[in-house]
Structures are given as C-alpha cells and as structure tokens.
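Data first, discussion second: the structure below is written as structure tokens.
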Amino acid sequence: MSTSRTELQDADATTGAGVLETRLAGLSKEEFAREVWARRALLTRRASDFSDLFSADAVDELISRRGLRTPFLRVVKDGSALPESSFTSPAGVGATISDQLDDTALWRSFADGATLVVQALQRTWEPVANFSSGLSSELGHPVQANAYVTPPQNRGFDDHYDVHDVFVLQIEGTKRWLIHEPVHLDPLPDQPWTDRRSVVAEAARGEAYIDAILEPGDVLYLPRGWLHAAQAQGEISIHLTLGIHNWTRYALAEQLARSALAVLRDDPRMRGSLPIGVDGPADEIDIVRERLVAAVAQVDPAPLFQRARRGQGRAAPLGPLAQFAAVDNLRPESRVRLRGALEARLEGPRLTTRVGWLDFPAADLPSVVRLLDGEVRTVGDLGAPLVERLLRAGVLVPAEQ
C-alpha cells in the first residue's frame, strides 16, 4: 500500500504491465484471461493505493460544486431508488435548469441512511476517466465507472446480479461483501436479475462463495451473473465499481444479422410481396432461409466488431479552445498525436473513427498509417494540409492535450 502512483507508472513503462497486473488483480492480462475472466469471482487484497483515483473530497466536490444533474446521481435506500424530485432543485439565478443536485437534500438523505450512487464518473472525474479508458483498451470491452457512498451499517441494494462484469475498488472505509455463484450464467442486458427475483433470493440464503470485508486498496472482480450484496461497517464506505460492458458472441450475431438484412434490401425478390392467400407455406420459408444464409456468408465480418465498439464508446476529451489554438498556430515544429479512444481503422483510403470518417488521396496514406501508432508527430513530418484537416475533424489533437 506504500507504492506511489508515480512509481507504478514507472513500473508500467519499464515492464509493459497493464493495470490488471499493477493495480487490480496482480495477474498479467494473459493469466487473468486464462484463469479468471468470465469464470469466477476473485478477491485481491491490497491490490493498490487508489487515493489518486477518488476520495471523500471528490464526492463532496462533485455533489456540491460541479452542478451535476440527474442521471449522474442516484439515491438508494432499503433496496429502492428514491425519486429524483426528492434530491434535485432549480439551479438558481441565470440558469433554466430544474434538476440539478440539491446538496442539502442529499445530505439529509445520506444522514438518514441512503446510499449515494455517483454515476458515469468516466465522464465527470478525470482520474477515473483516464483509468477507465486504459482498462477499456486493455480488456477490449467498454468500461463505465460508478461510485457507491454508503453510511455506516447500511446497504444500498439487496442480493442481485449485474448483466456486466465488475471490478470493485474499495476507496475508503470497509464493506462486507457476500458473493454467491450464478443462478443464470452470463446474462445478457435484457435478462436482469429482477426476472429471477425469487431464485436469486433463495440462492442468496445458501453458503457464500466469498464472505469478506473489503478494506481500502482491496479489489473484487465479479463476472456478470454472480450474486452479490454489500453492507458498510462502522464508518462511511466509498467504493468504485468499474462496470465492464461485455461484448458477446450474441452481440456479434446481432451485428451480423443487421448486415445480412441490409444485403437483402437490395434483393428484388426479397422485397416482393407474398402471393395472395399465402399462409406461411414451407417453400416461402425455405426461400427466405436460403437467401438469408447466403447474405450472412456474403457479409465481410472484419469491420463488424469495430463498428459496434465505435458506436458504444466516446473518444477522449477534446478542448475546443486548445484545438482552435492548435489550428491557428500551426508551425512545422508543432507536435500532434492521434486523439485517444478513437477506435480508428484504415480501410483502403477511408479512415473510420468514433467521430466520423475521412477519405484520403494515395499520397497521404503513408502519413495516416504512421499516425495510427499513437506516437507524437510534427507538422513538418506529416505535412501542414493533412494535419490541419485532421485537427479540424477532431482526429488529431495537440500533443500537450
């Protein structure tokens, strides 16, 4: 617990180790994938010092000074979410916002035993945003970050399971976790625990797979579907939950089916009406099945996963004023780099990203390829017209941003 974040960053740079190994599980990505991922719950004691990511001061600042609105916060008591109207109010003079967080109302709810759930911290708190982005890149799955702030001797939720994997990072205080094995393995997003409420409740009465009190620096990994409930102990508990929104084979099948249907739109026979009086005869179904299978075989599978990933995440933050200054002060020595988390992919002359696509002449393609490695480049190395175009498109950013 005495290792500083700077020392951890130096270790990462030296060994090439990712956050799974250095901060979350003490296992390399390969070991985690082979032994743990989507298979079993894992408790890692004293995994890291997380004071650089989040704290009680961060909670107070977000609630009282950042002007957050719903749904960036939920309030939960006795397993149920309180109505938003009970902890929001108008923003005051000069604003026409009626649902900003009311810090007085939130204090009263918290003092009365409610848990504060600060949601989507990957959008509102830079240290968590950077950490989540790095973990997402390492895992290849989107990551969302929530903080759970629970008063002493209280619990926010009853036993339940999530439809995504989670890493629980204990930040402050202690919390007792009871973990049980799944009643429904690998649930999809439309298969919530509430559909199996009675089965979940019965399973939660059995012997726990893990019964442990998490202390600051401890990390708990839970695959989706694993039952869990947690209760703060003798002091305020703050933990981060990093939700891993898993890509699945079912999701790929959905993408493949959509692409196949797009192919069938160009088939005149598939667009044609069924004969009058047809009541689903087998020959019509056979024709549809045959052409659907052919369309699936025709779809290029390579871009499917990338398109899905691009649609489910956001590019790294971009400062409009810094971007304007970069374009306005473009010099041969100016340094630029590819914007983070773009999911950039070059397909022939077309660069596709989370912020759109661009086509390039053949002369520019070698420079575009060099940019995709993420290294810092100079305008003189790439050419001013290309750099200006990519800055204006939000694909490149100043190296200092």
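The structure presented is a predicted model; accordingly, all values stated were derived computationally and were not measured.
For the pair His164/His141, no side-chain contact is recorded, criterion being any heavy-atom separation below 4.5 Å from C-beta on. Considering only heavy atoms from C-beta on, Ile236 comes within 4.5 Å of Phe110 through its side chain. Side-chain contact between Ser334 and Val379 is present, with at least one heavy-atom pair separated by less than 4.5 Å. Between Pro216 and Phe50 the shortest side-chain heavy-atom distance does not fall below 4.5 Å. A 4.5 Å side-chain heavy-atom check between Arg74 and Tyr148 finds at least one atom pair inside the cut-off. Taking 4.5 Å as the limit, every side-chain heavy atom of Leu73 sits out of range of all side-chain heavy atoms of Thr88. Looking only at side-chain heavy atoms (C-beta outward), Leu121 and Phe54 come within less than 4.5 Å of each other.
Closest non-hydrogen pair, Arg45 versus Ile213, comes out as NH1-O, 2.7 Å. Closest non-hydrogen pair, Val75 versus Ala114, comes out as CG1-CB, 3.6 Å. The minimum heavy-atom distance linking Gly348 with Leu365 is given by the pair O-CD2, 4.1 Å.
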Below 3.5 Å, can you tabulate the donor-acceptor pairs from side chains in residues 167-181 to any protein atom, sequence neighbours excluded?
from   : atom 1 : to     : atom 2 : distance (Å)
Gln170 : NE2    : Glu172 : O      : 2.9
Gln170 : NE2    : Gly173 : O      : 3.3
Gln170 : NE2    : Ser237 : OG     : 3.0
Glu172 : OE2    : Ala56  : N      : 3.1
Lys175 : NZ     : Thr150 : OG1    : 2.9
Arg176 : NE     : Asp211 : OD1    : 2.9
Arg176 : NH2    : Asp211 : OD1    : 3.4
Arg176 : NH2    : Asp211 : OD2    : 2.7
His180 : NE2    : Ala204 : O      : 3.3
His180 : NE2    : Gly206 : O      : 2.9

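Residue pairs meeting the salt bridge (Lys or Arg N to Asp or Glu O under 4.0 Å) criterion with at least one member in residues 238-261, sequence neighbours excluded, do not occur. Applying the side-chain hydrogen bond (donor to acceptor under 3.5 Å, both in side chains) definition to pairs two or more places apart or across chains, those involving residues 220-236 are His160-His228, Asp162-His228, Asp165-Tyr221. Listed by first and then second residue, the salt bridge (Lys or Arg N to Asp or Glu O under 4.0 Å) pairs involving residues 106-130 are Lys77-Asp112 (not counting sequence neighbours). Sorted by first and then second residue, the salt bridge (Lys or Arg N to Asp or Glu O under 4.0 Å) pairs involving residues 374-389 (not counting sequence neighbours) are Arg370-Asp381, Asp373-Arg377, Glu388-Arg392. Judged as a salt bridge (Lys or Arg N to Asp or Glu O under 4.0 Å), not a single pair has a partner in residues 189-209 (not counting sequence neighbours).
Within a 6.0 Å sphere centred on CZ of Arg265, heavy atoms belonging to other residues, nucleotides or ligands number 12 at most.
The one candidate from Thr378, Val376, Leu396 that meets the side-chain contact (heavy atoms from CB on, under 4.5 Å) condition with Val336 is Leu396.
Here Leu390 contributes atom CG and Leu351 contributes atom CG; the two are 7.5 Å apart, rounded to the nearest 0.5 Å.
Side chain to side chain, Thr248 and Asn246 fail the donor-acceptor criterion of an N or O pair below 3.5 Å.
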